[in-house]
**Student:** 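I'd like to ask some things about the structure below.
Values below: every heavy atom of this structure, side chains too, minus hydrogens, waters and symmetry copies.
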Amino acid sequence: MNKLSLLLFCLLLSVFLSAQQGFKPAPDSGATPTNIDLNKLDFRLNRQRTAPANLSLYPRPRLNISNVQSITLPGVAGIRIRTDKDNGRIYAFEGRPNSLPAARPDKADAYAYLTAVATELSLDDPESEVRITEEITDELGQKHLRLQQVYQGLIVLPADARLHARTDEGFDLYTGRLQPSPQDLITTPAISKAAARTQMRRKFEEHWINVPPHQIDWISGPQLEVELVVYAGGDSPTLAWYANVRPNLKEHTSLFLDAQTGAILHENTHTCGLNEGLKNQTLGISSAPKSCLKHSGLSKSGKPSALPDGPTTASVISLYDLPVTINTFSLQDQFLLIDGTRPMFTNTGGEIDGLILSYDGLRGSPQRDDFDPNLRTSTNNQDWTQTEASVHANAGIAYQYFFDKFGRNSIDGNGGNVLSLMNINEMDGTRMDNAFWNGRALFYGNGADTFYRLPRGLDVAGHEMAHGVIQATADLIYEEQPGAINESFADIFGYLIEGETGDHRIGEDVVTGAFPSGALRDIRNPNNGASSPGQRGWQPAHMDEFVNLPNTEDGDRGGVHVNSGITNRAFYLFSSNSAVGDTRAEQVYYRALNTYLT
């Protein structure tokens with residue numbers, strides 16, 4: 001199924017709205033740390049000021065682009081809708097029903113709007129079936145609500161939608177998709193939660209390791225979570241156990257288990273890699289793992305320090321063989337690869353937070369129980385390796401891009417720590433030929449056949465950090481066309497973060513001769529120097545070239561790294577218009593991602 005038309009619709013909305021505003025000034029910088037209490041140091045990744053739901057755990061609805069039509073609803077005067085002609089399902093309303101008076105856009109108005117269009121959405125009772133899970137008022141003063149569907153208290157999946165109020169006279173735009181109300185569904189499972197957990201654990205037994213307590217914080221949740229839901233992604237609603245399984249620090253899989261029969265209904269991964277793709281096929285895209293991390297122990301001897309505790313800098317050589325200044329942290333006569341200079345930094349009673357931290361994976365594998373990465377330290381602040389310099393500098397540049405351009409304070413938008421892990425190998429000890437985002441952090445292999453020195457590429461770091469931003473905003477599920485759009489946004493922001501206007505290549509600084517064009521991908525020309533599908537580096541540039549692939553690991557989860565070329569090319573055509581340019585295009589794309597897409 002397809003979401004490309006929803007993307008186009010949201011981009012058009014963002015074009016109009018971004019033209020109304022100037023760019024935001026940067027908020028004030030963070031405070032300089034003082035009086036650091038060593039006993040309160042905690043460098044876990046998921047130190048968040050708030051604890052938003054991890055929306056990426058829930059799958060998203062699908063849309064068929066070839067069947068899109070715009071019509072006027074005969075029963076709801078004042079609005080137009082966009083539907084899938086195949087099944088008549090609605091994915092957008094435009095306008096406000098004439099039956100509703102102007103009103104303040106609050107919770108009551110949201111339910112009044114949903115009630116007015118309940119028949120068209122096939123909802124029996126919006127007030128009992130729809131929850132408001134998020135409320136945002138943006139810089140234009142417009143209000144946006146995120147909606148979650150339930151049935152008799154159980155979450156309905158896939159279902160995700162937003163309501164928008166573009167004026168102060170009430171909600172006037174709906175995007176996304178809710179499911180028809182289930183009818184007479186039995187909500188008592190034949191398979192118990194304990195039995196479902198046992199079945200899930202058994203399914204992943206070959207890959208399972210008991211993650212040590214000090215590493216649990218480095219994955220995106222408990223190793224095994226099971227929740228009773230209504231699965232609406234099949235022919236009819238089904239009571240199901242929904243599981244998130246993290247058998248080790250590398251893998252994270254979600255799946256639905258029929259709560260009556262035990263059959264697997266659907267399964268998907270949460271991997272977001274630079275180059276995870278087809279296996280045993282000729283498109284020339286290798287596979288990528290996922291992983292996580294650990295903080296190193298620091299001396300807490302309490303001996304007096306000859307250096308003031310807090311941020312400092314070092315001038316070192318990066319993987320470009322050029323000098324670069326990195327932000328480090330002085331603490332009790334040692335220096336740590338920690339950046340505490342960004343606006344997200346806080347120091348509350350000696351407890352520091354809002355940091356960019358870089359770890360050494362010590363050429364270990366997150367699939368092994370002996371994986372034990374260390375936070376990098378130095379005694380002289382000069383002997384940082386080129387890899388350490390590049391990883392740390394690039395994470396800072398990518399953070400600063402999102403902050404300066406959009407006022408976004410870190411990946412999660414809440415000033416959460418940013419963590420990078422370098423020198424990651426495969427489970428068998430061989431070099432990892434990829435970089436990836438695992439839902440919590442950025443990870444870099446050192447390359448093998450397809451890549452070399454992956455931490456070198458600023459666009460690589462930008463791509464992976466963008467995956468985290470996507471997860472925290474539109475949360476596009478990583479499969480089929482939503483996954484291709486996810487990959488495309490990551491490529492686009494990787495290009496923008498690198499800042500080489502006009503050079504639309506991705507990965508040109510890290511690929512080997514395996515790619516004839518000298519780049520992994522090319523936003524301007526997705527065919528990328530190849531003459532036909534199947535050649536290494538080739539992507540479709542238009543829907544006429546769309547590649548239908550199975551939603552399996554061997555099929556690149558439906559072609560997420562292949563079909564992303566279509567929306568990459570769309571960005572190039574849009575941004576290269578003389579009336580737009582990269583500066584306005586990035587505002588449009590970020591607003592669509594952060595405000596409209598689901």
Side-chain angles (χ1 to χ4, degrees), residues 6 52-55 57-61 72-83 87-138 142-188 227-233 236-240 242 474-475 595-598:
L6 180 56
N54 188 349
L55 298 177
L57 303 185
Y58 296 135
R60 297 290 176 259
T72 300
L73 284 176
V76 186
I79 68 172
R80 292 180 62 82
I81 67 171
R82 292 180 182 271
T83 68
N87 53 30
R89 297 299 309 281
I90 295 166
Y91 72 89
F93 290 118
E94 296 177 74
R96 184 170 175 83
N98 290 346
S99 60
L100 297 180
R104 185 164 61 92
D106 54 13
K107 180 178 179 180
D109 187 58
Y111 283 115
Y113 187 103
L114 292 172
T115 299
V117 297
T119 300
E120 285 65 36
L121 290 175
S122 299
L123 293 175
D124 292 340
D125 181 14
E127 290 204 31
S128 65
E129 295 180 78
V130 180
R131 295 172 179 167
I132 298 171
T133 61
E134 183 180 66
E135 179 178 330
I136 297 173
T137 300
D138 65 21
Q142 299 180 0
K143 183 170 287 188
H144 309 275
L145 306 181
R146 197 150 194 170
L147 309 178
Q148 181 183 74
Q149 187 174 356
V150 295
Y151 174 74
Q152 296 186 16
L154 302 177
I155 295 174
V156 177
L157 300 171
D160 189 29
R162 298 190 194 223
L163 271 180
H164 313 269
R166 294 174 290 181
T167 72
D168 59 0
E169 296 185 348
F171 290 99
D172 59 358
L173 178 66
Y174 164 97
T175 57
R177 180 175 291 178
L178 299 176
Q179 302 287 351
S181 300
Q183 302 297 318
D184 302 320
L185 180 67
I186 296 174
T187 57
T188 302
E227 176 184 10
L228 192 63
V229 302
V230 175
Y231 176 64
S236 60
T238 303
L239 188 69
Y242 180 59
D475 190 28
T595 308
Y596 292 103
L597 287 173
T598 64

**Student:** CD of Q179 to CG of L157: how many Å apart, nearest 0.5 Å?
**Tutor:** 9.0 Å
**Student:** Hey, does the side chain of T238 reach the backbone of S236 with a donor-acceptor pair shorter than 3.5 angstrom?
**Tutor:** yes
**Student:** Tell me, do Y174 and V117 make a side-chain contact under 4.5 Å, heavy atoms counted?
**Tutor:** no
**Student:** Which heavy-atom pair separates G78 from N98 by the least distance, and what is that distance?
**Tutor:** CA-OD1, 3.4 Å
**Student:** Is the shortest heavy-atom distance from the side chain of L123 to the side chain of Q149 under 4.5 Å?
**Tutor:** yes
**Student:** Provide the closest heavy-atom pair for L597 versus R146 in the form atom of the first, atom of the second, distance.
**Tutor:** O-NH2, 4.5 Å
**Student:** Could you grab the distance from atom OG1 of T137 to atom CD of Q142, nearest 0.5 Å is fine?
**Tutor:** 10.0 Å
**Student:** For the atom pair CG (L228) and CD1 (I155), what is the distance rounded to the nearest 0.5 Å?
**Tutor:** 10.5 Å
**Student:** Please check: side-chain N/O of D109 versus main-chain N/O of F171, any donor-acceptor pairing under 3.5 Å?
**Tutor:** yes
**Student:** Check whether any side-chain N or O of Y151 sits under 3.5 Å from a backbone N or O of L185 as a donor-acceptor pair, and report yes or no.
**Tutor:** yes
**Student:** Using every non-hydrogen atom in the two residues, find where A165 and G170 come nearest and quote the distance to one decimal.
**Tutor:** CB-O, 3.7 Å
**Student:** On the 0 to 90° scale, with breaks at 30° and 60°, tag the Y596-H164 ring pair as parallel, tilted or perpendicular.
**Tutor:** tilted
**Student:** After noting the C-alpha distance and the side-chain angles of V230 and Q152, does the key distance pass the side-chain contact (heavy atoms from CB on, under 4.5 Å) rule?
**Tutor:** CA-CA 10 Å; V230 175; Q152 296 186 16; over 6 Å; no
**Student:** Under the side-chain contact (heavy atoms from CB on, under 4.5 Å) rule, what do L154 and L239 come out as? Steps first, then yes or no, please.
**Tutor:** CA-CA 9 Å; L154 302 177; L239 188 69; 3.6 Å; yes
**Student:** Quick one: are D160 and D475 in side-chain contact, heavy atoms under 4.5 Å?
**Tutor:** no
**Student:** Using 0.5 Å steps for rounding, measure from the OG1 atom of T115 to the CG atom of L100.
**Tutor:** 9.0 Å
**Student:** Can you measure from CZ (R162) to CG (L147) and round to the nearest 0.5 angstrom?
**Tutor:** 9.5 Å
**Student:** Rounded to the nearest 0.5 Å, how far does OG1 of T83 lie from CZ of R177?
**Tutor:** 9.5 Å
**Student:** Among T595, T175, D138, exactly one meets side chain to side chain donor-acceptor pair (under 3.5 Å) together with H144. Which residue is that?
**Tutor:** D138
**Student:** Which atoms form the tightest heavy-atom contact between Y113 and P97, and what is the distance?
**Tutor:** CE1-CD, 3.6 Å
**Student:** Taking all non-hydrogen atoms of both residues, which atom of S128 and which atom of V150 are closest, and how far apart?
**Tutor:** O-CG2, 3.4 Å
**Student:** Is a side-chain donor or acceptor of R80 paired with a backbone partner of A92 at a separation under 3.5 angstrom?
**Tutor:** no
**Student:** Taking the side chain as every heavy atom from C-beta outward, state whether E129 and S181 have any pair of such atoms under 4.5 Å apart.
**Tutor:** yes
**Student:** Could you please spell out the steps behind the side-chain contact (heavy atoms from CB on, under 4.5 Å) verdict for E120 and I90?
**Tutor:** CA-CA 8 Å; E120 285 65 36; I90 295 166; 3.7 Å; yes
**Student:** Indicate yes or no: does D106 engage K143 in a salt bridge with an N to O separation below 4.0 Å.
**Tutor:** no
**Student:** Is any side-chain heavy atom of L173 closer than 4.5 Å to a side-chain heavy atom of L163?
**Tutor:** no
**Student:** Minimum heavy-atom separation for A232 and P158, please, with both atom names.
**Tutor:** C-CD, 3.8 Å
